[in-house]
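In what follows, every chain begins at residue 1, and chains take the letters A, B, ... in the order their sequences are listed. The basis for the numbers below is simple: all heavy atoms, side chains too, and nothing from hydrogens, waters or symmetry mates.
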Amino acid sequence: MNKTPVTLPLLSDTMQTGRLARWLKQPGDPIKTGDVLAEVESDKAVMEVEAYADGYLAGPLAPTDTYIPVQSTIAWITDVPASESAAAPPPAAAAPATPTPTAAPTPAAAPQTPAATTPPTPAPASPTPAAAPAAVAPPAAADAPSPVVAAALAVGSDDAGASPFARGLATELGIDLTQLTAGADGRIGAAQVLAAALGPQFPHLELGPIHSIERPSPIKAAMAENMARSEHTPTFHVTAAIDLAPLHDAAHAHHESLSLLLARACALSIHEHPDFNACWTPRGLARRERIDVAIAVDTPDGLITPVLRNALRPLDELNEDWRELKGKLQNRRLKPEDYSGATFYLSNLGTFPVVEQFDAIVPLGAASILAVSAAGPDGLTRLTLSCDHRVVAGADAARFLTTLSQHLSAVEALQQ
Amino acid sequence: MQTLSYWEALNHALDAEMASDEAVIVLGEDVGLYGGTYRVTEGLYAKYGERRVLDTPISEGSFTGLAVGAAMTGLRPVVEIMTINFALLALDALINMAAKIPFMSGGQFTMPLTVRMPGGVAHQLGAQHSQRLEHTLMNVAGLRIVVPATPQDAYWQLRQAIRADDCVIVLEHEVLNFDKGPVDEAASAPPPHRAVVRRPGRDLTLISYSRMANQALAAAGQLAAEGIEAEVIDLRSLSPIDWDTCAASVRKTGHLLIAEEDSRFAGAGAELAAGLTERCFRSLRAAPLRVAALDLPNAYNKRLEEHTIPQPADIVAAAHALVRDDAEEIVA
């Protein structure tokens, strides 16, 4: 079987890469010389790629909408139809010849081990990482650094971690570098150290009465740390007034936990509004594939948040999990994996009749937390949703609360 | 104050030293009757005669060796090696004799020898006639190396070299020869090895020398237009290096960029990067960056030649790369 490569044509003097707009033929189509195979956008115009041989178009076809260096192979023309050629193993060269956007800049990646990799060449010529890529004319050469700059940057500083200056500052300011989050470039810089130093302010106790220091339990310390970290979350609050009396009565009648019913209603609502299961990260929105609802519990050790994994499940399954979690809680056997990593939080202070309404703090890792208070004099219960405004907006919260109120009034469905 | 070109400043310096000290003699190829290939010895033959201005044959090893002997016997010879490219023939006299005799004689012999070497990448002279050898000379203990970038420094540093009792290499740059600048012959000179801050700045320290110091200054002008303030240091001396001036600047800016015309590998920039990392590690916000000539023989072709050595645009691009991370860091 003969195979003729189809290459990306050079359509103008300045053209170094082209973008395939679309393929007009598919693999297996019979081709005659002069047939238009594809359309290519050069740096100036859309042009047609014509066949220079008769035969059948064969893949792999280069992808559309990516920039491909000129003269790269974008397809093949074979002398037998695709069905027959498919039986024959493709030549090894076919795959690397197909340009991909990641393949193009590889010459620049080569000098990672500059001097060592080229021992056979004469000594003065060997450490010239920049000279080779220049000759290859990589795509976007207009923005490519000059050989001199490329040589300067080739070594670069690839070590992550903290800059020497940041380390020095951290030592002087008493900041623990391991507690800091790296900047966008993956390094801890002076800015991160200073932010940590200037961030949480601790009280000066010298001028007050004599005091003693009580070391916090690990749980309390973790909670304090989490809450402090949440300080920079841009938060807003939306409150709904809902008649929870029917749900309350039903739960009482069936000896069911109201919190669990609320958690399930939240999970059902999140299922319809998946943004509430996402969380903001510097790299983008983290969308989770499971809804894990944590329920805040008041314990002698402090606030703790056991997590109901996959809270969309039927109520009796959740009941079972919850009983197990409460057992561990009472025996102080709760492990970090039992109380960490929730995607949504529920805080219910409805057992305190004086609490008419309150705001909860959105914990790190969640987009939202629901604060449930006791019923007010009007018989309605205030449910306040605190939201990370980077993830959801006010109207999203309003829609979520509307859905939630529908689920909370469909008592029998919730109990299933 | 007068305005002189670089070669005129060197000529004035020679004239002044020859006038004030009869022990000063000049020797080299075409330095006498012809007045020097780069005109630096113009008029000296007529003024001081053939006993003090010696035309030599093409024999760098011999006449440099002769000058070493002359220096040992009390003269103050100034050798002109026509271009640095021919200094390779004189390396035995320089490295094995001039640099070591004071040490090996326990200080009984001084070495008041000055060796002038015009060099650097000139325009389209090809690989054998357009090179930098500072990395070779810097590695020789016992040699001092000055690299004047301005006519004033050329004047001062040549005079100081002639008066010094050590062997001093004056690395001139051929491209600077017709650069003009103010020269105050009456002003007192700073120590010959003292680096100078040619432009103050807060964002990065840009260290360079010889002609590249002027290129660095041009790049700093472009950077300033974008709000990046580079502190430009002209080293003036490669041996010894004025670490104090450099380190003070790096401690201020936290960023070090080195621009040199010599090749990267084992060059002056490598010494600067290592020496300043040792001295200023805790002040560095990023790894030092060097823009240097590619590790290649110099090309004859004009475009290739320009691409081989750093241009102001390259220094600007490297400065961007160096301070960019930090800018993002502060925004983040």
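For B/I309, the part lying near chain A is the backbone, with the side chain staying farther off; criterion is any non-hydrogen pair under 4.5 Å. For a residue to count as touching a neighbouring chain, one of its non-hydrogen atoms must lie under 4.5 Å from one of that chain's; by this rule B/T308 touches chain A with the backbone only. For B/R290, the part lying near chain A is the backbone, with the side chain staying farther off; criterion is any non-hydrogen pair under 4.5 Å.
Rounding to the nearest 0.5 angstrom, the gap separating the CD atom in B/E306 from the OG atom in A/S146 is 11.5 Å. Taken from NE2 in B/H320 to CG in A/L153, the straight-line distance is 12.0 Å, to the nearest 0.5 Å.
Between B/L289 and A/A152, the shortest heavy-atom contact is CD1-O, 3.4 Å. The shortest non-hydrogen separation linking B/A292 to A/V148 is O-CG1, 3.5 Å. Counting all heavy atoms, side chain and backbone alike, A/A151 lies closest to B/L294 at CB-CD2, 3.8 Å.
Summarising the local packing, CG of B/N139 is surrounded by 12 or fewer heavy atoms from other residues, nucleotides or ligands at distances under 6.0 Å. Surrounding CD of B/E226 are more than 12 heavy atoms belonging to other residues, nucleotides or ligands, all under 6.0 Å away. Counting non-hydrogen atoms of neighbouring residues, nucleotides and ligands closer than 6.0 angstrom, the CD atom of B/Q124 exceeds 12 such neighbours.
Contact count versus chain A (heavy atoms, under 4.5 Å) is highest, among B/S283, B/G269, B/C280, for B/S283.
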